[in-house]
Amino acid sequence: MIFLLNPQERTKLLMDKIKELIQDISQARQSNVICYIGGDRKNISTRVAPDIIPIFHKHLEAIKNNSKNDKIDLLLYTKGGDVLTALRLVQLIYEYTDNFSVLIPYKSYSAGTLISLGASEIIMTKMGELSPVDPNVTSIFNPVDPNNSSAKIPISVEDVYSFITLVKDIMDIQSDDSLSSIFSKLVENVHPLALGSIHRTYLLIRSVAKKLLLSHMDISEEVRINEIINHLTEKLFSHNYMITRKEAKEFLKLPVNYCDSDLERDIWNIYEYYKDYLELDKPFIPEKYVDINGRFSAGCGIIESIYRTDEYIFEGVIQRSSSYDGNIADNVNITYQGWKMI
């Protein structure tokens, strides 16, 4: 019956239900739950980025000042984002606790997987998914998109290294002259500085993954650590590969635990409520959300604990203008985007 309510009543009911579930999970796990939902709605989305760090700091300070228990559970949903922010977030959380777990209802991709590597426990539902951590690199030196002269083509780090593997191992080209000729052809299509950036990113992602795993593993487990990193960076052969909890636990040997039925239900319901609140399954069309003055506001990300709620907000205005041929056009202007406490 929630869909029969007016928008204000519906929003309040959804947020009240989420708060109740956060408290239920906190009590069941004897922890402090922070939810981070990186909205992946079409036309507006949020990704793991440095601007989340001050927001998490406020939540962690509130927990420190109000809770006698320092255990942190991060309920995480994200398609990915910045590699170094993932590392910084985990480092920040460990400033407040030695007992850090990640709860994954559904997608925890790329930078989300890196965050999960930093947790000493990963709780995944039946729908929970991790992903490879082989990023794309985009810089001013990347090739120009032939369909859009103002855009650059992202380059997958692993695509470049797979090309080199193809040449040396599959085609069995070993002579210095042949390899030099092939590399020259590659440089004709990809700027040398772009290739340098790719190599630096390759080294960075492995370094960050290792630091995150060492947050809760011992250096004596270096063989296992390297196996995990190799699998996540090289051996899945597609950035879109979805790692289930069974594979993460039994093959990767990550510290994955399954939910009991009550916890599974609560974690999944929180995700469903956030999905409804942020309308993640509906493309954002500004014209459908404007008031009588042509202004609109839409949220596309949440960081929430029982002590506060922060939402990533897009605000803007639609202005109608007439062209020389008499046609009316809508101009969408974004006037604000960023985190707000609500």
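Looking at Arg47 and Thr78, their side chains never come closer than 4.5 Å, going by heavy atoms from C-beta outward. Using a 4.5 Å heavy-atom threshold, the side chains of Glu287 and Ile318 count as touching. Looking at Lys58 and Tyr307, their side chains never come closer than 4.5 Å, going by heavy atoms from C-beta outward.
Atom CG of Leu212 sits about 11.5 Å away from atom CD1 of Ile228, to the nearest 0.5 Å. A distance of 9.0 Å separates CG in Leu92 from CZ in Phe56, rounded to the nearest 0.5 Å. Here Arg308 contributes atom CZ and Ile342 contributes atom CD1; the two are 10.5 Å apart, rounded to the nearest 0.5 Å.
Salt-bridge formation is detected for the pair Glu61/Lys64: a Lys NZ or Arg NE/NH1/NH2 atom is positioned less than 4.0 Å from an Asp or Glu carboxylate oxygen. A salt bridge between Lys210 and Glu222 is present, with a side-chain N of the basic residue lying under 4.0 Å from a carboxylate O of the acidic one. Residues Lys275 and Glu272 are paired through a salt bridge, judged by an N-O separation under 4.0 Å between the basic side chain and the carboxylate. Taking a cutoff of 4.0 Å between a charged side-chain nitrogen and a carboxylate oxygen, Arg265 and Asp262 qualify as a salt bridge. Ion pairing of Lys19 with Glu304 is present here, as a side-chain N (NZ or NE/NH1/NH2) and a carboxylate O approach within less than 4.0 Å. Salt bridge status for Glu264 with Arg245: present, with a side-chain N to carboxylate O gap under 4.0 Å. The pair Arg295-Glu315 fails the salt-bridge criterion, with no side-chain N (NZ, NE, NH1 or NH2) lying under 4.0 Å from an Asp/Glu carboxylate O.
A cation-pi arrangement is found for Lys340 relative to Tyr336, the charged atom lying closer than 6.0 Å to the ring centre and inside a 45° cone about the ring normal.
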Exercise for the section: Report the C-alpha distance between Asp310 and His59 in whole Å, list the side-chain angles of each, state the deciding distance to 0.1 Å, and finish with yes or no for side-chain hydrogen bond (donor to acceptor under 3.5 Å, both in side chains). Expected result: CA-CA 9 Å; Asp310 295 89; His59 283 266; 2.8 Å; yes
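Crowding of Lys211 atom NZ: a count of heavy atoms from other residues, nucleotides or ligands under 6.0 Å not exceeding 12.
Between Tyr106 and Tyr77, the two ring planes are tilted [angle within 30° to 60°]. The aromatic rings of Tyr312 and Trp339 sit perpendicular, their planes meeting at an angle over 60°, well past the 30° parallel limit.
A donor and an acceptor atom, one from each side chain of Asn69 and Ser67, are nowhere located under 3.5 Å apart. Of the N and O atoms on the side chains of Tyr241 and Glu129, not one donor lies less than 3.5 Å from an acceptor on the other residue. Side-chain atoms of Asn257 and Glu121 include a donor-acceptor pair closer than 3.5 Å. No donor-acceptor contact under 3.5 angstrom links the side chains of Ser45 and Asp40, judged on distance only. With 3.5 Å as the limit, one finds a donor-acceptor pair spanning the side chains of Arg206 and Thr233.
The ring of His231 has its center closer than 6.0 angstrom to the ring center of Phe251. When ring centroids are compared, Phe314 and Phe296 stay outside the 6.0 Å threshold.
The cluster map of Ile, Leu, Val, Met, Phe, Trp and Tyr, joined by side-chain heavy atoms under 4.5 Å apart, puts Tyr258 and Met242 in different clusters. Residues Val256 and Tyr109 are members of separate hydrophobic clusters, defined by side-chain heavy-atom contacts under 4.5 angstrom among Ile, Leu, Val, Met, Phe, Trp and Tyr.
Considering all non-hydrogen atoms of both residues, Ser131 and Ser110 come closest at OG-N, 2.6 Å. For Ile225 against Asp218, the heavy-atom pair with the smallest separation is CD1-O, 4.0 Å.
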